[in-house]
Amino acid sequence: MTKIVHVLFSAKLGGAEQVVINISRGLSGSYDFTYCSQSGSIQESLQAVGIAYQSFSPKQLLKFRRAILALQPDIIHAHDFKASFLVNLLFHHVPIITHIHQAPIWQTSVNWKSLAFQYIGNKSSRVLYVSDWAKESYRFHKHLTNTAIIDSSRICQLATASTTTAFDLLFVGRLEDVKDPARFVRIAHKLLDAIPELKIGIVGDGSLSAHIAKQIAATPQIRWLGFKSNPYKYMRHAKVVLSTSKSDAFGLTMVEAALLGAIPFAPRIGGISQTAARVNGLVYASDAELLAVLTRLFSDGKFYQETKAKIAAVDFSDYEQRQFIQRIQQVYKGVMER
């Protein structure tokens with residue numbers, strides 16, 4: 001059986017990590033997958049779905065190289081810029097697929113990173129992007145575009161898990177600067193000034209956890225739930241899922257929220273705004289605009305129902321796992337035939 005090693009630098013479950021899990025589950029009958037990343041909570045998520053896992057330290061590159069070669073991979077599938085740089089520099093006789101899930105600002109201009117990635121991209125057997133926007137924002141784009149995955153059947157199944165917690169407004173994501181949870185908290189406080197009876201939740205953890213906990217300590221209407229391996233049950237019972245990301249090439253959470261009946265809100269940046277718009281979510285350009293729409297949504301029942309009805313009318317077939325898995329399998333076959 002063809003052996004494929006997924007390599008990521010991140011150690012926690014997020015959008016890119018969920019894509020890897022879905023690929024590994026969807027093609028488990030045809031390929032032997034190993035997930036390789038820095039040690040962290042992602043291991044629990046992988047164990048829960050039976051995916052082989054191996055940790056590595058970027059400070060021990062020779063040990064990492066030996067461990068990967070011992071697996072005898074037929075393909076290395078790297079899922080972020082750091083991972084792609086690393087495996088392309090360490091492995092010269094194993095086909096490498098570079099899969100880009102982000103769109104950092106540096107890739108839009110001429111600098112050493114964007115120039116170096118041009119070399120990495122050309123060295124890779126294939127380069128996949130999660131959206132047109134993610135590819136086209138790269139200063140030297142010239143490679144394949146693929147659509148990000150959403151396993152709707154599994155998400156809906158997980159969402160049926162019981163919970164007594166229902167939120168009006170929900171944040172789901174890593175508590176890191178790129179997701180800007182501090183902005184979410186500021187919005188939440190201002191919204192509570194207008195509608196103090198709202199219930200607001202935060203699902204996720206990260207380096208800003210202590211800071212966020214301190215910011216909401218005196219506000220009982222805002223609850224921080226920490227990391228949850230199944231955030232979907234909270235999304236299913238939320239009215240609005242709000243993203244405050246500073247950068248997001250696709251915005252998988254927006255699709256997941258809409259699929260589960262919540263109204264997704266996205267900032268007017270990058271691919272996430274396009275994704276939110278495609279699922280009839282709402283896109284905002286400023287805090288003032290966001291607060292105005294949220295206030296109306298939570299105080300005008302008719303407006304809320306009309307907005308929710310637009311979400312329910314969305315055709316999610318473009319995001320189905322089966323279609324995406326078929327594309328990924330075609331990529332794997334194409335790489336192996338070279």
Side-chain angles (χ1 to χ4, degrees), residues 14-16 18-19 21-23 25-26 101 103 129-135 145-161 163 166-173 179 184 201 203 230-245 248-285 289-290 292-294 296-298 300-328:
Q18 188 62 57
V19 167
I21 289 173
N22 290 340
I23 291 172
R25 284 166 55 88
H101 302 259
Y129 286 88
V130 296
S131 66
D132 290 334
W133 185 87
K135 183 191 77 169
T145 298
N146 257 347
T147 306
I149 183 175
I150 180 168
D151 183 347
S152 58
S153 60
R154 181 169 180 268
I155 287 172
C156 291
Q157 181 181 9
L158 290 171
T160 61
T163 177
F167 295 106
D168 298 294
L169 184 67
L170 185 66
F171 174 98
V172 179
K179 300 298 182 182
F184 177 89
V203 175
N230 179 12
Y232 306 118
K233 61 182 181 180
Y234 302 102
M235 296 167 74
R236 178 172 173 257
H237 293 282
K239 289 184 177 179
V240 171
V241 173
L242 170 62
S243 169
T244 48
S245 289
D248 198 323
F250 182 73
L252 184 62
T253 303
M254 298 291 95
V255 183
E256 293 171 338
L259 180 69
L260 296 174
I263 301 171
F265 274 68
R268 194 178 296 280
I269 58 158
I272 190 172
S273 61
Q274 297 174 353
T275 298
R278 288 192 189 107
V279 295
N280 291 339
L282 298 175
V283 178
Y284 62 92
E289 179 185 359
L290 173 61
V293 178
L294 285 174
R296 182 184 175 193
L297 197 73
F298 291 130
D300 184 339
K302 182 180 178 182
F303 178 59
Y304 169 74
Q305 292 299 333
E306 289 174 347
T307 306
K308 191 174 175 67
K310 292 178 182 177
I311 303 295
V314 173
D315 178 6
F316 287 94
S317 60
D318 286 344
Y319 302 98
E320 289 290 341
Q321 180 187 14
R322 179 174 50 82
Q323 296 177 10
F324 178 82
I325 289 298
Q326 288 176 348
R327 296 190 189 110
I328 291 295

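Below, each value reflects all heavy atoms present in this structure, side chains not excepted, and no hydrogens, waters or symmetry copies.
Note: L242 CG to I263 CD1 = 12.0 Å, rounded to the nearest 0.5 Å. Within the model, atoms OH of Y234 and CG of L170 stand 10.0 Å from one another, a figure rounded to the nearest 0.5 Å. The CD atom of Q274 sits 14.0 Å away from the CE atom of M254 when rounded to the nearest 0.5 Å. Between the OG1 atom in T253 and the CE atom in M235 there is a gap of 5.5 Å [rounded to 0.5 Å]. Taking NZ from K239 and CG from L294, the interatomic distance works out to 12.0 Å, rounded to the nearest 0.5 Å. Going from atom CZ of F184 over to atom OG of S245 covers 12.0 Å, rounded to the nearest 0.5 Å.
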Atom pairs and distances, side-chain donor-acceptor, residues 304-314, under 3.5 Å, sequence neighbours left out:
residue	atom	partner	partner atom	Å
T307	OG1	F303	O	2.8
K308	NZ	G261	O	2.5

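Nearest heavy-atom pair, A277 versus V283, reported as atom, atom and distance to 0.1 Å: N-CG2, 4.4 Å. Scanning both residues, P231 and V172, for their nearest heavy atoms gives CB-CG1, 4.0 Å. Y232 and A159 make their closest contact through O-CB, 3.8 Å (heavy atoms, listed as atom of the first residue, atom of the second, distance). Across all their heavy atoms, G251 and I272 have their closest contact at CA-CG1, 3.7 Å. Taking both residues in full, the closest heavy atoms of S273 and A266 are given as CA-CB, 4.4 Å, listed atom of the first, atom of the second, then distance. Taking every heavy atom of both residues into account, T244 and K179 meet most closely at OG1-O, 3.0 Å.
Applying the side chain to side chain contact (heavy atoms under 4.5 Å, CB included) test between V240 and each of L169, L282, V293 identifies L169 as the sole match.
Pairs passing the salt bridge (charged side-chain N to carboxylate O under 4.0 Å, His left out) check and including a residue from residues 269-282, sequence neighbours excluded, do not occur.
For A285, the side-chain contact (heavy atoms from CB on, under 4.5 Å) test picks out R268, E289, with sequence neighbours left out. Looking at residues two or more places apart in sequence or on another chain, you find no ring pair (Phe, Tyr, Trp, His ring centres under 6.0 Å) involving F167. Applying the salt bridge (charged side-chain N to carboxylate O under 4.0 Å, His left out) rule to R296 yields the partners D300; only residues at least two apart in sequence or on another chain are considered. Among residues two or more places apart in sequence or in another chain, the side-chain contact (heavy atoms from CB on, under 4.5 Å) test is passed with A161 by N230, K233.
Judged by distance alone, with hydrogens and angles left aside, the side-chain atoms of S243 form no donor-acceptor pair with the main-chain N or O of F265 at under 3.5 Å.
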